[in-house]
Amino acid sequence: MASLTGFLLHAFVWLALAATAFSLSPKFYDNVCPQALPAIKKIVQAAVHKEPRMGASLLRLHFHDCFVNGCDGSLLLDSTSTFETEKNARGNLNSVRGFEVVDQIKAEVDRVCGRPVVSCADILAVAARDSVVVLGGPTWKVRLGRRDSTTASRALADAVLPSASMDLPALINNFKNQGLNQRDLVALSGGHTIGLSRCGIFRNRIYNATNIDPAFAKERRATCPRVGGNNNLAPFDSTPARFDTAYFQNLVKKRGLLTSDQALFNGGSTDKLVKTYSLNPSAFWDHFAKSMIKMGNIKQLTGKKGEIRVNCRKAN
């Protein structure tokens, strides 16, 4: 009996250690390559200072990566003979950007580390955090140790990425399928406090919606005609290069750019949270940081699963 108890105790300790070894940690690269995170930060800062919009683009890459089979860098893979790239999915085509910056980060990190030890998935997670910080937003400890997928799925991306036309029930269900709750939905949507959107995405709202400030609709129509101009850009709020609460203040005034934005403040269950964030930046910052960590934990590859890619655009 004693030996059985000892065996079970030993097995429990081993399992606990294994779980620790294969779970994400902010200190994952501390001993392997302490230069990795400063190298990522330096390139992100330079890229965002050169083009502030890049901050939103890098944040979005992490978001769109995590929602499709977890945070595994699959979005970065180009098409092969066996799969079509997720870059061609409806929610990504002519929309996701920043891949050259990721390539630049990968090359520099591998150089300072002496070999490929940092995954492309982790690069996306850290670059997202650093982008938010550069634009004046909160910081958080990014949990690290993800590994990269060897395949991608455009079909899955088409099926699971939230769309700009979704109403609140659809958005809540979409996030719930990822293990994220309503607070995560509203906080993460606040990422739209930075960046721009294309006319083709918000045209229907500014011409046909009833829950929109008429002056705002008129302002947006000036650069987004009924026909043509699909790629004309407009900011989500009045301060697209500053991570603040203007996005939520806009929603309260019915000045949300996308249908999915305004759905968060339209007489539904998330109205109260939008109002809170519009008045309380520290609450938004705190919840956003926590939700980013939570999203970063979606279905990651760790341990011996996946690989550390040499080139973020293709499997080894």
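Worth saying up front: this structure is predicted, and the values here are computed from it rather than measured.
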Trainee: Kindly say whether Gly228 contributes a backbone atom to a donor-acceptor pair with the side chain of Arg203 at under 3.5 angstrom?
Mentor: yes
Trainee: Under the criterion side chain to side chain contact (heavy atoms under 4.5 Å, CB included), I'd like the reasoning laid out for Ser74 against Thr151: C-alpha separation, chi angles, the key distance, then a yes or no.
Mentor: CA-CA 6 Å; Ser74 59; Thr151 188; over 6 Å; no
Trainee: For Leu161 versus Asn174, what's the shortest heavy-atom pair and its separation?
Mentor: C-ND2, 4.0 Å
Trainee: Taking side chain as C-beta onward, heavy atoms only, is Leu251 less than 4.5 Å from Ser278?
Mentor: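 Leu251 vs Ser278: side chains apart.
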Trainee: Taking the side chain as every heavy atom from C-beta outward, state whether Arg255 and Glu219 have any atom pair closer than 4.5 Å.
Mentor: yes
Trainee: Is there a path from Ile194 to Val142 through hydrophobic residues (I, L, V, M, F, W, Y) whose side chains come within less than 4.5 Å of each other?
Mentor: yes
Trainee: Any side-chain heavy atom of Arg53 sitting closer than 4.5 Å to one from Arg97?
Mentor: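 A side-chain contact exists here, since the closest heavy-atom pair is under 4.5 Å.
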Trainee: For a quick test of reading the model, state the closest non-hydrogen atom pair linking Leu124 to Gly73 and the distance between them.
Mentor: CD1-CA, 4.5 Å
Trainee: Is the backbone N or O of Ser119 less than 3.5 Å from a side-chain atom of Asp148, with the two atoms forming a donor-acceptor pair by type?
Mentor: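 The answer is no, because no donor-acceptor pair under 3.5 Å joins these two groups.
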Trainee: What distance separates Asn250 CG from Thr245 OG1, expressed to the nearest 0.5 Å?
Mentor: 10.0 Å
Trainee: Got a donor-acceptor contact below 3.5 angstrom from the Arg205 side chain to the Gly256 backbone?
Mentor: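 The answer is yes, because a donor-acceptor pair under 3.5 Å joins these two groups.
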Trainee: Charged N to carboxylate O below 4.0 Å: is that the case for Asp213 and Lys253?
Mentor: no
Trainee: Taking the side chain from Lys87 and the backbone from Leu76, do they hold a donor-acceptor pair closer than 3.5 Å?
Mentor: yes
Trainee: Does Leu59 share a hydrophobic cluster with Leu61, counting links as ILVMFWY side-chain heavy atoms below 4.5 Å and allowing steps through other members?
Mentor: yes
Trainee: Answer yes or no: does atom CZ of Arg143 have more than 12 heavy-atom neighbours from other residues, nucleotides or ligands under 6.0 Å?
Mentor: no
Trainee: Give a yes or no on whether Asn31 atom CG has more than 12 heavy-atom contacts from other residues, nucleotides or ligands under 6.0 Å away.
Mentor: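 Counting other residues, nucleotides and ligands, CG of Asn31 stays at 12 neighbours or fewer.
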Trainee: Give a yes or no on whether Ile123 and Val133 share a hydrophobic cluster (residues Ile, Leu, Val, Met, Phe, Trp, Tyr; joining criterion: side-chain heavy atoms under 4.5 Å apart).
Mentor: no
Trainee: Looking at Ser149, is its backbone amide N or carbonyl O close enough to the side chain of Arg309 to form a donor-acceptor pair, meaning the two atoms are under 3.5 Å apart?
Mentor: yes
Trainee: Are Val160 and Leu171 connected, step by step, through hydrophobic side chains (Ile, Leu, Val, Met, Phe, Trp, Tyr) whose heavy atoms are closer than 4.5 Å?
Mentor: yes
Trainee: Hey, are the side chains of Arg198 and Asn232 touching, using non-hydrogen atoms and a 4.5 Å cut-off?
Mentor: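 No; the side chains remain at least 4.5 Å from each other.
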Trainee: Roughly how far apart are Asn204 CG and Ser165 OG, rounded to 0.5 Å?
Mentor: 8.5 Å
Trainee: For side chain to side chain contact (heavy atoms under 4.5 Å, CB included), just list the numbers for Leu156 and Glu86, CA-CA rounded to whole Å, side-chain angles, deciding distance to a tenth of an Å, and then say yes or no.
Mentor: CA-CA 8 Å; Leu156 184 62; Glu86 291 169 18; over 6 Å; no
Trainee: How long is the straight-line distance from CZ of Phe67 back to CG of Asn177, given to the nearest 0.5 Å?
Mentor: 9.5 Å
Trainee: For a quick test of reading the model, state the closest non-hydrogen atom pair linking Arg129 to Lys141 and the distance between them.
Mentor: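 Shortest heavy-atom contact: NH1-CA, 4.4 Å.
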Trainee: Taking C-beta and beyond as the side chain, do Met295 and Asp184 meet within less than 4.5 Å on heavy atoms?
Mentor: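 Met295 does not reach Asp184 side chain to side chain.
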Trainee: Measure the spacing between SG of Cys71 and CG of Asn297 and express it to the nearest 0.5 Å.
Mentor: 7.5 Å
Trainee: In terms of side-chain geometry, is the basic nitrogen of Lys299 or Asp72 positioned less than 4.0 Å from the acidic oxygen of its partner?
Mentor: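 Result for this pair is no, no salt bridge flagged.
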Trainee: Looking at Thr85 and Arg154, what are the two nearest heavy atoms and their distance?
Mentor: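 In this case the closest contact between Thr85 and Arg154 is O-CB, 3.6 Å.
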Trainee: May I ask you to say whether Asp122 pairs ionically with Arg146, meaning some side-chain N is under 4.0 Å from a carboxylate O?
Mentor: yes
Trainee: With the 4.5 Å side-chain cut-off for hydrophobic clustering, are Ile293 and Leu37 part of the same group?
Mentor: yes
Trainee: Short question: side chain of Arg147, backbone of Lys305 - any donor-acceptor pair under 3.5 Å?
Mentor: yes
Trainee: Can you confirm whether Cys312 sits close enough to Phe99 that some side-chain heavy atom of one is under 4.5 Å from a side-chain heavy atom of the other?
Mentor: no
Trainee: Taking everything shown except Lys41 itself, do over 12 heavy atoms lie less than 6.0 Å from its NZ?
Mentor: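 Open.
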Trainee: One pair to check against side chain to side chain contact (heavy atoms under 4.5 Å, CB included): Leu185 and Ile172. What are the steps and the verdict?
Mentor: CA-CA 7 Å; Leu185 163 64; Ile172 289 171; 3.9 Å; yes
Trainee: Mind checking whether Ile206 and Cys224 have side chains closer than 4.5 Å, heavy atoms only?
Mentor: yes
Trainee: Using a 4.5 Å cut-off on heavy atoms from C-beta on, say whether the side chain of Lys275 contacts that of Val252.
Mentor: yes
Trainee: Flag the pair Tyr277 / Phe265 as yes when their ring centroid distance falls below 6.0 Å, and as no otherwise.
Mentor: no
Trainee: Verify side chain to side chain contact (heavy atoms under 4.5 Å, CB included) between Arg115 and Asp110, making sure each step is shown before the conclusion.
Mentor: CA-CA 5 Å; Arg115 65 193 196 284; Asp110 285 359; over 6 Å; no
Trainee: Using atom types as modelled and distance alone, determine if a side-chain donor or acceptor of Glu307 lies under 3.5 Å from a backbone N or O of Asn316.
Mentor: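 At least one qualifying donor-acceptor pair exists.
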Trainee: Nearest heavy-atom pair of Gln262 and Asn266: which atoms, and what distance?
Mentor: O-CB, 3.5 Å
Trainee: When rounded to the nearest 0.5 angstrom, what distance separates NE2 in His64 from OG in Ser57?
Mentor: 11.0 Å
Trainee: Quick one: list whatever passes side-chain hydrogen bond (donor to acceptor under 3.5 Å, both in side chains) with Gln182, sequence neighbours left out.
Mentor: Ser269
Trainee: In Å and rounded to the nearest 0.5 Å, what is the CG to OG1 distance from Asp244 to Thr193?
Mentor: 4.0 Å
Trainee: Considering the options Phe236, Phe202, Phe288, which one meets the ring-ring contact (aromatic ring centres under 6.0 Å, His included) requirement together with His192?
Mentor: Phe236
Trainee: Provide the closest heavy-atom pair for Gly190 versus Phe248 in the form atom of the first, atom of the second, distance.
Mentor: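 So the minimum-distance heavy-atom pair works out to CA-CZ, 3.5 Å.
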Trainee: Can a donor-acceptor pair be found, under 3.5 Å and without considering hydrogens, that links the side chain of Thr270 to the backbone of Leu264?
Mentor: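 At least one qualifying donor-acceptor pair exists.
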